[in-house]
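It should be emphasised that the depicted structure is a prediction, and the values quoted were computed from it without experimental measurement.
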Amino acid sequence: MGRRWWMKWYSWVILVAHVFAILIFTRGFLLTRTELPYYSHGSDISQSPCFSSTSTNHSWNKPVVDRLVIIVLDAIRFDFVAPSVFFQEKKAWMDKLSVLQKMAFAEGSSAKIFKAIADPPTTSLQRLKGLTTGGLPTFIDVGNSFGAPAIVEDNFIHQLVENGKRVVMMGDDTWIQLFPHHFNNSHPYPSFNVKDLHTVDNGCIEHLFPALYQDDWDVLIAHFLGVDHAGHIFGVDSLPMIEKLEQYNLMLEKVIKVLGSQSEPGGLHENTFLLVMGDHGQTLNGDHGGGSAEEVETSIFAMSFKKPPTSIPSELDTSSCKLDLDGKKKCASSIQQLDFAVTVSALLGIPFPFGRCRVNETTFFTYIGRVNPELYALGAGTWNLGGINARDSSNLSELEEWLLNYVNVLCINSWQVKRYIDVYSASSVIGFSSEDLLHISNAYVQAEQNWANSTKNLLLHRNERSHTLLPALTRQIDFYFSFLSNVSELARSKWTEFNLKLMGIGLGTMLISLFIIFLAIQRVNNLYTTSLLSPGGSGISFELIFAFFVVAIRACSFLSNSFILEEGKVASFLLATTSIVRLRSSIMKKKMLFEALSFLLLISILRFTIEVGLSKQAATSLFLSASPSWVLGVAPGHPLWTYMAEIGPILAVILLACLLCRTIANSIFGGLWKYITMATILSYVLIAVYWGAESSIPTLALLLQGMAKGHIPRMIYAIGLGQLLLFAVAHLFDKDRELDYKRSLVVKTVSILSAWSPTIIILSGKQGSLVALALIIGGYCIVKLESVEDSDSDAIFTFNPLAIAQWNLLAVCLFFATGHWCAFDGLRYGAAFIGFDEFVLVRQAILLTIDTFGFSHILPVLALPFLAVCNFLFGQNDHGKDFRFTQLSQMYMMYGLITATTVTVTIICVTIQRRHLMVWGLFAPKFVFDVVGLVLTDALICLASLLYSGRLEDDDAQAVQRTEQ
């Protein structure tokens, strides 16, 4: 009993060690930050070397606009706004926002389209923080995306309020979470129900148009979510997406008409500026969060209702132009989203946000925004030099006047950034080295000296030397650009100083845990006189060596960003390699040839589905509608393809029900165990009904029209929860003494899998039943081929490490085959709302976790006992019950060792690559997914140690009683 107790509790020790190691490493890598708020004030401008406004409210520069309308269209891709001539091929979703193109390219219009570049990760929370603070995002904010804390550092919204601007907001309630006390009036709507395409948008429209006729605000923010939700549920290439874009076009057309009708002199919107913008883009399947071009490229449409601005110098013009079919030139510029906060602050004449400072942490998060010249130029119709402390400007040309204003704004911009760096340097926590700081200081000194000794002097005496003014202003802009670019480049490459001590402790703990697991396996060998040696004791077995190299190759692949991107393909290749070894063994032994070939065929199918998943295409995209059809020789729009896509999953779930019926018909199932399994058959039937009711086949949908399909998922969740509770009761009280350990193990394994599978299948969508069949077939082949190895071995120990490696690789392949990948845009957020419309954080988080890790972690770990009882399952010679418990324990140890090894290499990878350009877009998400998967695997192994050992303890008690008698 002492030996078995040790093996049961060892798994809990490993779980605690891994949690400790991950928390410590995460503390050093993804820092939890303490904010030290510094705020800009109007009076601070007197300390700068720049010209200041003469107004009494300490404005940093002359306001360009009086009122600002910001319409945020969540997840707007650049190709939603830009003309289709900018792209190689016109798609159905292009040119739908025609009113923006019409205004941008109309003669005499002060409007422009920008390609806005965001910084990953591209979650909405981080992008809103970046837009309002003008700083780089922090990766740790991803964890707060479903419960955003209020922003305490200086930001654009805070400066609006502090400087007497009245702000109203409507739409996405994330704004209220970030700025809970900043709005004069607000109309927030819940933002996380991705199945609801209309509530937020309709609420925005309801309050937007009445507000445009009111004068009780200076800045109006309306945040629409329909396009984001349509992307998550239906994908970009879908009818709901097209309808949403058309709805937005009509709304924007009416907004522009209302603003334009009141833009005459003395009108309510005489000096109103309109911004229509996205916070991030989205992939073709509607996901975002990563760093791909589709996700980081969004758009800003800016429009002033004054006369067009003076043409700016070509050096400042970032326009890219194309000719349309009529030969007319269409141009769009580009802007970094980080420039938004400072540029809009300059337009309104409010102090620029100071930036972020943090104490007692080694994190650098700098304010690096630069006033964008093209966006700022759209307000040129209101520019004048009345607020500048310089001499009469009557002799200045319009271009010189524009440059003078812009140079002064850049002077303030650069002074603010340098001031921030000086304050941060004084706190001794800045992430820049002394060489970096010296480089930045020299760049600023050059700009300041040129301003003080040359440019400013020319401005004060420009009547005498007017011919040299324009070159001097242009040269001064170059100096400021150089300084701000240097800061930006350094901030992007070295904005975080990691706590290497904590990272080292975490990594060291992980390495120690690997050594402990290895020693545990060896101890079990010694305790039960078993060995990993070949039958003759001649040396290490080929299977062990081969399994070691397979795991090592996969782990080492994580050191390359390219292999991480293709992780699913690597796993499928390694699994196919092991299957070829099994095929060779089957051919030589002339046994199980069909199973070996079937396993290889299954891997080939999984390889194709992984390719589909990694393509980041939705079920409505051209790739998925064309590629499988091409393989099958069926045209994409053919009814046969529709029937296969709709009927196939339903037939698959019916087949699962039939297999389960056949399983429980076995005499070993009785008592509560039989009822637990029978409930799963009911859940399978409900899934078939649910999918049929949602089918795009009219006959099938009409047949099931009366079914309450909205309640079916909840019924399945309730049945699953009831099954788990009944399982606990059966495990504690229904001992089934007529069953031996092996039969009890089979019954418990089938019961726990049947309790989990319906929920996992329905959350995975219509692919769920097909993936479940793939798991059953793959597991069957591995177990069957393992039984061949067992039957031909004369060794006391028949545990084969290669089978565990195959089991682990199969689980990895299923993760990618279900359309997931190790990035936040690889999460299927729509699964969290299957059966529910309202957002509840804990409930939706649980459902999303089950969908993400169901087929790759939950089911494979709980199904591992099938490998331990393969001889019993196929009627071959079997060893004793004590041996089977030992073997099962070792299998779980080996499975945990493989998982922990790959995660440890991931930790080593992110430690090495912590300064890599893709650290936050690729390596950090990979780290998060892997450590969550490791903790979940450890927790499931601990659960398995409790579930699958109870019967053996009863056998021990009976053996003791027989001995005493």
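- Between K244 and E246 there is no salt bridge, since none of the side-chain N atoms of the basic residue sits less than 4.0 Å from a carboxylate O of the acidic one.
- Remark: the D95 side chain and the S98 side chain contain no N/O donor-acceptor pair separated by less than 3.5 Å.
- Salt-bridge annotation for D215 and R67: absent, with no side-chain N of the basic residue lying under 4.0 Å from a carboxylate O of the acidic one.
- Ion pairing of E294 with R77 is present here, as a side-chain N (NZ or NE/NH1/NH2) and a carboxylate O approach within less than 4.0 Å.
- No hydrogens or angles considered: a donor-acceptor pair under 3.5 Å links the side chains of W93 and D79.
- Using a 4.5 Å heavy-atom threshold, the side chains of I117 and I335 count as separate.
- The OG1 atom of T849 lies 8.5 Å from the CG atom of L936; values are rounded to the nearest 0.5 Å.
- Here the CH2-CZ distance, from W821 to F815, works out to 9.5 Å after rounding to the nearest 0.5 Å.
- One side chain, Q723 or T680, offers a donor N or O that lies under 3.5 Å from an acceptor on the other.
- Side-chain polar atoms of S757 and Y684 form a donor-acceptor pair below 3.5 angstrom.
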With side-chain contact (heavy atoms from CB on, under 4.5 Å) as the criterion, how do K96 and Y248 come out once you've worked through the C-alpha distance, each side chain's angles and the decisive distance to 0.1 Å? CA-CA 9 Å; K96 298 302 178 184; Y248 286 177; over 6 Å; no
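- Under a 4.0 Å N-O distance rule, the pair R828/D851 qualifies as a salt bridge.
- Side-chain rings of H288 and H232 approach one another, their centers coming within less than 6.0 Å.
- At least one test fails for K112 against the ring of F301: distance under 6.0 Å to the centre or angle within 45° of the axis.
- A salt bridge links E838 and R843; the closest N-O separation between the charged side-chain nitrogens and carboxylate oxygens is under 4.0 Å.
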Side chain to side chain donor-acceptor pair (under 3.5 Å) between H223 and D173, worked out: CA-CA 9 Å; H223 192 144; D173 62 353; over 6 Å; no
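- At a cut-off of 3.5 Å, with distance as the only test, a side-chain donor of D74 or H280 sits close to an acceptor on the other residue.
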